[in-house]
Amino acid sequence: MVYDSARALARQIRTSQEYKDYKQAKDKAFENETTKALVERYHALQVQVQSSMMSGTQNEVLMAELKKVGEILQFNPDASEYLIAEYRLVKMLADVYKILADAAEMDLSMLG
């Protein structure tokens, strides 16, 4: 029953406006190999920066590179549209996860 509901939710997510906007923006942005490489580098840097911060250190070199790549992407309309759509989809998924965690009486405060 729970798995059936999860599959139904997955289908609803795939038909949501957030997902449709994300998919369309991603396809358009990733048509350009340079844009695709920059977005992938940006995501990798985000993970590395978050990881270093969680370990109690702050890597200034990574932070500077993340900022620089982010500024470059900001001036690319396709990349900017993609990152905004991605944020909206991730926000929706985080909200859904919080609802599920609340139902299981789990505390997610450690996730920030």
Side-chain angles (χ1 to χ4, degrees):
M1 174 90 171
V2 171
Y3 292 104
D4 292 337
S5 296
R7 286 183 190 90
L9 177 59
R11 285 189 298 276
Q12 288 177 338
I13 289 170
R14 295 280 300 212
T15 61
S16 71
Q17 193 60 52
E18 291 87 350
Y19 177 78
K20 289 176 184 176
D21 292 346
Y22 164 80
K23 180 75 170 116
Q24 181 179 4
K26 181 180 178 184
D27 290 346
K28 186 175 181 185
F30 282 28
E31 285 176 357
N32 181 297
E33 287 300 319
T34 302
T35 301
K36 179 180 177 183
L38 281 170
V39 168
E40 289 173 349
R41 180 65 183 150
Y42 183 74
H43 284 142
L45 287 166
Q46 283 180 313
V47 170
Q48 290 175 317
V49 166
Q50 289 172 348
S51 184
S52 74
M53 291 175 86
M54 289 179 74
S55 69
T57 61
Q58 187 168 338
N59 187 320
E60 296 298 328
V61 173
L62 287 177
M63 288 289 291
E65 186 179 354
L66 177 64
K67 183 179 178 185
K68 184 176 180 180
V69 173
E71 289 170 353
I72 293 168
L73 290 172
Q74 189 175 24
F75 290 105
N76 178 321
D78 293 338
S80 184
E81 184 180 338
Y82 164 68
L83 291 172
I84 291 168
E86 179 185 54
Y87 172 80
R88 288 184 182 138
L89 179 61
V90 168
K91 169 92 171 77
M92 180 188 66
L93 295 174
D95 291 346
V96 168
Y97 189 74
K98 180 170 180 346
I99 292 166
L100 297 173
D102 287 349
E105 298 179 13
M106 293 179 65
D107 179 15
L108 298 179
S109 62
M110 74 281 202
L111 299 177

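Numbers here simply count residues along the sequence, with the first being 1.
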Residues Lys20, Lys23; criterion side-chain contact (heavy atoms from CB on, under 4.5 Å); working and verdict: CA-CA 5 Å; Lys20 289 176 184 176; Lys23 180 75 170 116; 5.9 Å; no

Is there a side-chain contact between [X] and [Y] in this structure, where contact means two heavy atoms from C-beta onward sitting under 4.5 Å apart?
X     : Y     : answer
Gln46 : Val49 : no
Ser80 : Ile84 : yes
Met92 : Asp95 : no

From CA spacing to verdict: side-chain contact (heavy atoms from CB on, under 4.5 Å), Arg41, Glu65: CA-CA 10 Å; Arg41 180 65 183 150; Glu65 186 179 354; 2.9 Å; yes

Could you state whether [X] and [Y] fall into the same hydrophobic cluster, counting links through intermediate Ile, Leu, Val, Met, Phe, Trp or Tyr residues with side-chain heavy atoms under 4.5 angstrom apart?
X     : Y     : result
Val96 : Tyr87 : no
Tyr97 : Val90 : no
Leu93 : Leu83 : yes

Hey, could you give me the [atom1]/[atom2] distance between [X] and [Y], rounded to the nearest 0.5 Å?
X     : Y     : atom1 : atom2 : answer
Lys67 : Leu45 : NZ    : CG    : 14.5 Å
Leu66 : Glu71 : CG    : CD    : 10.0 Å
Arg14 : Gln12 : CZ    : CD    : 14.0 Å
Ile99 : Leu9  : CD1   : CG    : 9.0 Å
Asn76 : Asn32 : CG    : CG    : 7.0 Å

Parallel, tilted or perpendicular, as decided by the 30° and 60° cut-offs, for the rings of His43 and Tyr82: perpendicular

Expected output: side-chain Ser16 to main-chain Ile13 donor-acceptor under 3.5 Å: yes

Exam field: side chain Ser51 to backbone Val47, donor-acceptor pair closer than 3.5 Å: no

Any idea which heavy atoms bring [X] and [Y] closest together, and the distance?
X     : Y     : result
Phe30 : Lys36 : CD2-CG, 3.6 Å
Val39 : Ala79 : CG2-CB, 4.3 Å
Asn59 : Val61 : OD1-N, 3.0 Å

CD (Gln24) with more than 12 external heavy atoms under 6.0 Å: no

Side chain to side chain donor-acceptor pair (under 3.5 Å) assessment of Asp78 paired with Thr35: CA-CA 8 Å; Asp78 293 338; Thr35 301; over 6 Å; no

